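The structure appears below as structure tokens.
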Amino acid sequence: MIVLVGFMGAGKSTVGRLLAAKLGLPFTDSDHVIEERADKPIRRIFADEGEPAFRELEHAVIAGLLAGPDAVLALGGGAPGHPATRALLAGVPVVYLRVGYAETLARVGGDQGRPMLARPDVQVLHAEREAIYASVATVTVDTDGHSPEDIAIEVLGALEK
Ligand code: S3P
């Protein structure tokens with residue numbers, strides 16, 4: 001199992017797919033599994049049930065995925081904020097894809113499908129989460145100005161060490 005964490009727009013899904021192809025593993029995105037489980041898009045889960053309910057569902061889905069077959073698993077940007085999820089990540093190879101705030105906005109700014117981006121304190125959230133991602137990471141890779149392919153190659157190299 002290889003887990004990818006990082007802020008929205010870090011490239012977890014794009015890089016994750018490339019990594020999975022290179023490693024011959026399936027790729028799974030926890031957000032997609034959550035949407036299937038809830039039978040609605042994430043922005044609707046936030047609107048109908050609120051963020052705390054989303055976080056509990058997110059934790060349950062990730063716990064199930066981590067207990068399942070080997071895969072490259074991309075987590076939603078807020079997932080490592082859940083203490084029980086962080087506990088499950090101990091002992092798992094976790095790749096932190098780091099993205100700067102300006103680059104985040106350039107990549108995904110204004111995306112209506114990401115309700116956390118609409119928060120007035122999103123820059124504070126970005127800063128606060130850096131420490132959380134770093135605390136679960138076994139490997140950290142900077143993504144600003146790098147192509148997904150180059151990032152995937154760098155991750156592979158770092159994981160081999
Ligand atoms: C969130 C990130 C999203 C998704 C949800 C909440 C967050 O995933 O899980 O909108 O709190 O940062 P991505 O990081 O894939 O955009």
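By convention here, the first residue in the shown sequence is residue 1. Counting convention: from 1, in listed order, for ligands and their atoms alike. What you see below is based on every heavy atom in this structure, not just the backbone, and it leaves out hydrogens, waters and symmetry mates. Since the model is a prediction, treat every value here as computed from it, not as a measurement.
- For atom 7 (C) of ligand 1, the closest non-hydrogen atom of the protein is Gly78 N, 3.3 Å.
- Contact annotation for His32 and ligand 1: no heavy atom of the residue comes within less than 4.0 Å of the ligand.
- Atoms of ligand 1 lying under 4.0 Å from any heavy atom of Ile42, numbered from 1 in the order shown and given with element: 5 (C), 10 (O).
- One N or O on the side chain of Glu35 and one on the backbone of Ile42 form a donor-acceptor pair closer than 3.5 Å.
- Protein heavy atom closest to atom 16 (O) of ligand 1, with residue, atom name and distance, is Arg114 NE, 2.7 Å.
- Partners of Asp144 according to the salt bridge (Lys or Arg N to Asp or Glu O under 4.0 Å) rule, which considers only residues two or more places apart in sequence or in another chain, do not exist here.
- For atom 12 (O) of ligand 1, the nearest non-hydrogen atom from the set Glu35, Met116, Arg129 comes from Arg129.
- Looking only at heavy atoms of the protein, atom 11 (O) of ligand 1 is closest to Arg55 NH2, 2.6 Å.
- Contacts with ligand 1 closer than 4.0 Å are made by no heavy atom of Arg43, backbone or side chain.
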>> Quick one, His59 with Leu88, criterion side chain to side chain contact (heavy atoms under 4.5 Å, CB included). Give me CA distance, side-chain angles, the key distance, then yes/no.
In response: CA-CA 10 Å; His59 169 69; Leu88 291 176; 3.7 Å; yes

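- When only modelled atom types and interatomic distance are considered, Arg107 and Thr14 share no side-chain donor-acceptor pair under 3.5 Å.
- Closest approach of Leu73 to Met1, counting heavy atoms only: CB-SD, 4.3 Å.
- Relative orientation of the Tyr96 and Tyr133 rings is tilted, given thresholds of 30° and 60° on the angle between their planes.
- Close approach of ligand 1 to Pro115 (heavy-atom distance below 4.0 Å) involves ligand atoms 10 (O).
- Val3 and Ile34 end up in the same hydrophobic cluster when Ile, Leu, Val, Met, Phe, Trp and Tyr side chains are linked at under 4.5 Å.
- Remark: ligand 1 and Gly77 share an N or O pair separated by less than 3.5 Å (distance only, no angle test).
- Looking from atom 13 (P) of ligand 1 to the surrounding protein, the closest heavy atom is Asp31 OD2, 3.6 Å.
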